[in-house]
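A short write-up of the structure that comes next.
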Number of protein chains: 2
Amino acid sequence: MGGAAAEVIEPEIPAGSRIAAILDAAEIVFARSGFAGASVREIAERAGVAQALIHYHFKTKENLFEAMTARRSGEINNARAAMLDELLVNPDTVELEHVVEALFRPTIEVGHSLAEDGGGFSRILVSVANSSDERDKRLAEIYYDPIAHKFIDALCRIEPGLTRKDAVWAYMFSIGVGMTMMARTGRSTRLSAGECDDSDIEDMLSEIVIYVCGGIRALIGNQERNIQ
Amino acid sequence: MGGAAAEVIEPEIPAGSRIAAILDAAEIVFARSGFAGASVREIAERAGVAQALIHYHFKTKENLFEAMTARRSGEINNARAAMLDELLVNPDTVELEHVVEALFRPTIEVGHSLAEDGGGFSRILVSVANSSDERDKRLAEIYYDPIAHKFIDALCRIEPGLTRKDAVWAYMFSIGVGMTMMARTGRSTRLSAGECDDSDIEDMLSEIVIYVCGGIRALIGNQERNIQ
DNA sequence: CCATACTGACTGATCGATCAGTCAGCTACG
DNA sequence: CGTAGCTGACTGATCGATCAGTCAGTATGG
């Protein structure tokens with residue numbers, strides 16, 4: 001019930017260290033089994049360290065989960081912010097498609113780095129974003145609300161016909177579409193008998209950009225209809 | 001691994017029975033804590049039965065989870081199919097908006113029946129749909145792929161400009177948008193300072209229909225651009 | 001010499017599952 | 001009618017396994 005008082009963890013993790021090994025292992029295990037389903041023992045085993053070392057560095061399983069989330073979402077959101085800022089240097093030439101691209105591309109590029117099946121952090125991101133669990137909601141608020149506001153502001157700037165309210169809906173719905181991409185369940189492949197391969201990320205992303213931009217522009221159109 | 005040989009469970013559950021009480025309790029507990037996070041003990045306690053009774057009726061925790069999923073998804077998908085079939089009686093007058101409405105409305109109406117915060121089965125649906133876990137993927141395939149094919153077929157019929165491939169993408173992306181609605185994390189409310197209330201289901205649904213139809217129509221437009 | 005990094009051995013709690021056994025109700029037979 | 005035989009529903013007690021977390025103690029490098 002703490003409320004607003006929450007701080008971002010970002011403690012400089014030296015690559016190649018045991019701590020990094022633990023976080024890598026945690027990413028794989030949490031991605032496969034979820035928070036409750038994962039065991040600290042398995043993470044320790046995969047990282048090649050004693051279980052007690054995890055508690056030594058991170059104190060609790062929850063802290064470990066947060067540290068792992070913080071590391072990757074830092075990477076992702078720095079890349080997103082950089083792409084967005086670069087676009088907004090010349091605001092008049094920015095197209096909606098560019099903003100949507102900046103929203104999704106960093107997520108898939110770092111999210112699929114680890115784990116043998118390319119699932120990695122993306123899977124964790126999906127479950128955190130969709131969870132009603134208090135822990136997950138808190139993480140979403142701390143690590144993803146700031147960048148969300150940046151993108152919502154950008155939408156309002158480059159599409160002046162969009163109300164603030166519709167911009168928030170547009171953002172939420174678009175993130176929902178992105179979840180389809182990141183969950184990587186193989187369902188689209190199954191439903192299409194192979195035509196829609198959700199492991200072909202480039203193809204999928206180009207379809208998503210078309211769909212999402214169409215959705216956002218429809219919200220603008222609707223607003224104009226309401227005014228007239 | 002098993003493969004195609006999977007059967008739909010649908011064993012006629014008498015309402016008011018102890019079995020129904022167990023399923024109701026399971027729905028609430030699984031929705032709040034997920035599969036791994038939920039305990040059979042807590043479900044038994046909430047249902048007011050001995051823990052052993054759950055194992056007597058369902059044998060394993062997994063079977064219980066499947067039975068619970070089967071019951072609600074049966075309800076939801078029967079309603080969806082009925083709405084869709086009624087629309088397709090007069091295929092020429094059907095608008096895309098009607099199909100999208102048929103896709104989402106039954107889900108929210110039965111999905112929010114149980115559980116104090118109105119979360120109920122919707123939350124379970126979200127996690128099953130986005131999970132890469134084998135158990136969840138199997139459930140999605142058995143209980144949701146058939147209705148998915150129906151909707152994809154309907155999209156192709158009423159929007160002839162849509163290729164089969166883009167219809168599958170359209171379906172997947174739209175389901176992704178629907179997840180935003182069903183997860184009910186309160187994030188849209190937070191990001192909009194109250195303007196976008198994700199507990200106001202009617203408002204949310206009307207925005208979703210606009211967005212989703214815009215997205216689908218954009219995929220049609222893109223196909224035409226490719227041909228020219 | 002001392003702090004930091006690290007470990008093996010351990011704890012109490014909780015997990016899903018199993019067990020023998022109770023009990024109400026039904027059937028069959030004399 | 002009555003009672004023996006049987007069944008399905010259900011329970012309390014308890015199983016071994018596994019969980020997150022603790023702690024005393026060791027190794028190591030500046």
For D203(B), salt bridge (Lys or Arg N to Asp or Glu O under 4.0 Å) partners two or more places apart:
K165(A)
Base, sugar-phosphate alone, or nothing: which one does A38(B) contact when heavy atoms must sit under 4.0 Å apart?
sugar-phosphate
Considering residues at least two apart in sequence or located in another chain, which fulfil the ring pair (Phe, Tyr, Trp, His ring centres under 6.0 Å) criterion with F173(A)?
W169(A), Y211(B)
Rounding to an integer number of Å, can you tell me how far Y56(A) OH sits from dA27(D) P?
17 Å
For A36(A) and for G48(B), find the nucleotide of DNA chain D with the closest heavy atom, then tell me which residue's nucleotide is more 5'.
G48(B)
Do the side chains of Y144(A) and L125(A) get nearer than 4.5 Å, heavy atoms only?
yes
Listed partners of A38(B) passing side chain to side chain contact (heavy atoms under 4.5 Å, CB included), at least two apart:
V29(B), F30(B), S33(B)
Taking only residues at least two apart or on different chains, which pairs with a member in residues 174-205 of chain B satisfy ring pair (Phe, Tyr, Trp, His ring centres under 6.0 Å)?
none
Output all residues satisfying salt bridge (Lys or Arg N to Asp or Glu O under 4.0 Å) with D133(B), sequence neighbours left out; order by chain, then residue number.
R135(B)
Could you list where the contact with chain A starts and ends along DNA chain C, reading 5' to 3', using a 4.0 Å heavy-atom cut-off?
dT4(C) to dG8(C)
Check the distance between dT26(D)'s P and L53(A)'s CG and give it to me in whole angstrom.
18 Å
